[in-house]
Amino acid sequence: MKQKEFEEVFNSSFDSKDIFQSFSKEPIASASIGQVHKATLQDGSKVAVKLRRLGIKKQVLADIKIVNFFNKLFRPLFSTYTKNSIEAVIKEFAIMIQQEVSFERELGNLIEFSEVYKEYGVKFPTPYIEHCCDSAIVMSFEEGFRFDDKKNIFAHNIDFRSIITKLVNFYTDQMLVKGYFHADPHPGNLLVNTDGELILLDFGMVKRVPNQIRVAIIELIKAANEQDYELYISANKRLGTIAYEAPVAELAEFSRRMFEIFGNDNLDSESMQKLAFEVLESTRDLPFKLPSDAIYILRVSAIIEGLGTTYIENFNGVKDILPILQNNIPKALGASDSILETLIDSIKDIPFIVNDFKHSMKKISEGDVQVELSHDQLQYIEQKLSDNIKSYLKPFAFILGGFFLLLYEP
């Protein structure tokens, strides 16, 4: 920010400058939405102060309008699945970017996240709530090296394998057990201190994963590890990345070929990419999709795998996550920590199960059974109906036009 803009934001965010013993006007980190300054409170506490850029809210809303305008303009040029995927990305972007510019929301995310994951051995900044507002967050200043700062991490004899294990454990629990995850774990938001502790920063992008999506991801990872390609396609359909009507056999063969390429230790990265693009070329017309629930899950998974390869050359996300996941599958699916607790929970559910069964039998006997279709099935039916109507409309228009020509007398 320019000096004048900085002063305007600073003065509107804090009623008094007296809360700070010192404040560095030179930012230590800067991004499109805000910038971070180092400061000291009157009691001597070192703090990081995150200030929102002046006018960024209006700018974000204007950007969303421009993106939506161009999407509507070019929408007719794309296939149904491409349209839906683009719209899912734009919709998710619009929601998340508007949430990110609200520092009150970010503060709420930080407080909740710190409470949910307080027993996980990961550090989070401590907010000074009394000094925070919608345009500024004041929090404890956390010292550490960027996650990808190999030079300093090695120089301080920090066990990088332990850090990678902790990171994978933490994100497996976030995404597949708790279903509540930090969606922006780039190296600047992940620090490692001299004690080898992991520190997580910036809580503007925090997402929840619906239970059915978590189950689909578990199936996906399990199928990938076992190279069960039909189950892999089925899990992708449940996740929403492949359309309901997609041919299973064809996609299973495509998956087999891709796994063979990336599992071949004799190929260098350039050869892998070349072969993968050749295989992908043959699938251009297949109905792949990008649903909103999957956008951040896929993004975070790619970032975590990228962070893993920073230290471990042959790091494999699926192989490294699976052992952790196998230990957590019962919890991910909603089971309690002990067998006794699980049994007690199951026994408590029996009256509700019996009642549901009686209600279902009554519906069947009265002929009042309703079939519920998934969103993907409805989308497929809608598309087929639209295609069929279009195919009939043209001949009908010609017939109607011919009828009027016959009736017309010059």
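For reference, positions follow the sequence shown, starting with 1.
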Any salt bridge linking Lys118 with Glu115? Criterion: basic side-chain nitrogen under 4.0 Å from a carboxylate oxygen. yes
May I ask you to decide if Tyr232's main-chain N or O and Asn236's side chain share a donor-acceptor pair within less than 3.5 Å? yes
Less than 3.5 Å apart, any donor N or O on the side chain of Asn193 or Glu197 sitting next to an acceptor on the other? yes
Of Asp202, Leu167, Ile303, the residue whose pairing with Pro185 passes side chain to side chain contact (heavy atoms under 4.5 Å, CB included): Ile303
In terms of side-chain geometry, is the basic nitrogen of Asp134 or Lys57 positioned less than 4.0 Å from the acidic oxygen of its partner? yes
Residue pairs passing the salt bridge (Lys or Arg N to Asp or Glu O under 4.0 Å) test where at least one lies in residues 31-48, sequence neighbours excluded: none
Taking the six-membered ring for Trp and the single ring otherwise, decide whether the centroids of Tyr171 and Phe181 are under 6.0 Å apart. no
Tyr229 versus Gln227, side-chain donor and acceptor atoms under 3.5 Å: yes
Starting from the C-alpha separation in whole Å, work towards a yes-or-no answer on side-chain contact (heavy atoms from CB on, under 4.5 Å) for Lys50 and Gln35. CA-CA 6 Å; Lys50 187 173 181 179; Gln35 57 191 45; over 6 Å; no
If you compare all heavy atoms of Pro125 against all heavy atoms of Leu110, which two are closest, and at what distance to 0.1 Å? O-CD1, 3.6 Å
Does CG belonging to Asn11 count more than 12 external heavy atoms closer than 6.0 Å? yes
For the side chain of Arg52 and the backbone of Ile33, is there at least one donor-acceptor N/O pair under 3.5 Å apart? no
Quick one: do Arg105 and Glu100 make a salt bridge, cutoff under 4.0 Å? no
Which atom pair, heavy atoms only, marks the closest approach of Leu198 to Val122? O-CG1, 3.5 Å
Between Met1 and Glu8, does a side-chain contact (heavy atoms from CB on, under 4.5 Å) hold up when you go through it step by step? CA-CA 10 Å; Met1 282 187 280; Glu8 187 174 338; over 6 Å; no
Are the side chain of Asn152 and the backbone N or O of Phe145 linked by a donor-acceptor pair below 3.5 Å? no
Would you call the rings of Phe23 and Phe20 parallel, tilted or perpendicular if under 30° counts as parallel and over 60° as perpendicular? perpendicular
Is there a side-chain contact between Val300 and Met175 (heavy atoms, below 4.5 Å)? yes
Please find the pair of heavy atoms, one from Ile199 and one from Glu143, that lie closest to each other, and give the distance. CD1-O, 3.4 Å
Taking the side chain as every heavy atom from C-beta outward, state whether Gln174 and Tyr117 have any pair of such atoms under 4.5 Å apart. yes
If you define the side chain from C-beta out and look only at heavy atoms, does anything of Asn109 sit under 4.5 Å from Met205? no
What do you reckon, is CD of Glu26 surrounded by more than 12 foreign heavy atoms closer than 6.0 Å? no
Pair Cys133-Phe14, side-chain contact (heavy atoms from CB on, under 4.5 Å): steps then yes or no: CA-CA 8 Å; Cys133 64; Phe14 305 109; 5.9 Å; no
Rounded to the nearest 0.5 Å, how far does CG of Leu201 lie from CG of Asp184? 11.0 Å
Polar side-chain atom of Gln42 near backbone of Asp18 as donor-acceptor pair, under 3.5 Å: yes
Rounded to the nearest 0.5 Å, what separates atom CG in Asp63 from atom CD1 in Ile56? 7.5 Å
For Phe203 and His182, I'd like to know if the aromatic rings sit close, meaning centre-to-centre distance below 6.0 Å. yes
Is it true that His37 and Phe6 have ring centroids separated by less than 6.0 Å? yes
Does a side-chain N-to-carboxylate-O contact under 4.0 Å join Arg257 and Glu260? no
Residue pair Glu253 / Ser255, side-chain donor-acceptor N/O under 3.5 Å: no
Interatomic distance, Ser13 atom OG to Phe103 atom CZ [nearest 0.5 angstrom]: 9.0 Å
Given Lys207 and Tyr180, is the side-chain contact (heavy atoms from CB on, under 4.5 Å) satisfied, shown in steps? CA-CA 6 Å; Lys207 295 291 292 178; Tyr180 181 59; over 6 Å; no
Taking the ring centre of each residue, are Phe147 and His186 less than 6.0 Å apart? no
Is it true that Lys178 and Glu112 have a side-chain N and a carboxylate O under 4.0 angstrom from each other? no
Whether Phe170 and Phe124 hold their rings parallel, tilted or perpendicular, with breakpoints at 30° and 60°: tilted
In Leu220, Leu251, Asp228, the residue satisfying side chain to side chain contact (heavy atoms under 4.5 Å, CB included) with Ile233 is Leu251
Contact summary for Leu51 and Ala136, nearest pair of heavy atoms: CD2-CB, 3.8 Å
Check Gly196 against Ile163 and note the closest heavy-atom contact, atom names and distance. O-CG1, 4.3 Å
On the six-membered ring of Phe160, is Lys150 placed so that its NZ or CZ lies under 6.0 angstrom from the centre and within 45° of the ring axis? no
Of all the heavy-atom pairs spanning Arg146 and Gly188, show the shortest one and how long it is. NH1-CA, 3.6 Å
Does Arg161 come within less than 4.0 Å of Asp159, counting only side-chain N to carboxylate O? no
Does Val177 offer a backbone N or O that forms a donor-acceptor pair with the side chain of Arg214 under 3.5 Å? yes
To the nearest 0.5 Å, how far apart are CD1 in Ile218 and OG1 in Thr172? 10.0 Å
State, without any angle test, whether Arg53 and Ser135 hold a side-chain donor-acceptor pair at a distance under 3.5 Å. no
Distance col, row Ile213:CD1 vs Arg208:CZ, nearest 0.5 angstrom, shows 15.5 Å
About how many Å separate CG of Leu239 and OG of Ser234, when rounded to the nearest 0.5 Å? 11.0 Å
Within-4.5 Å side-chain heavy-atom neighbours: Leu41 and His131: yes
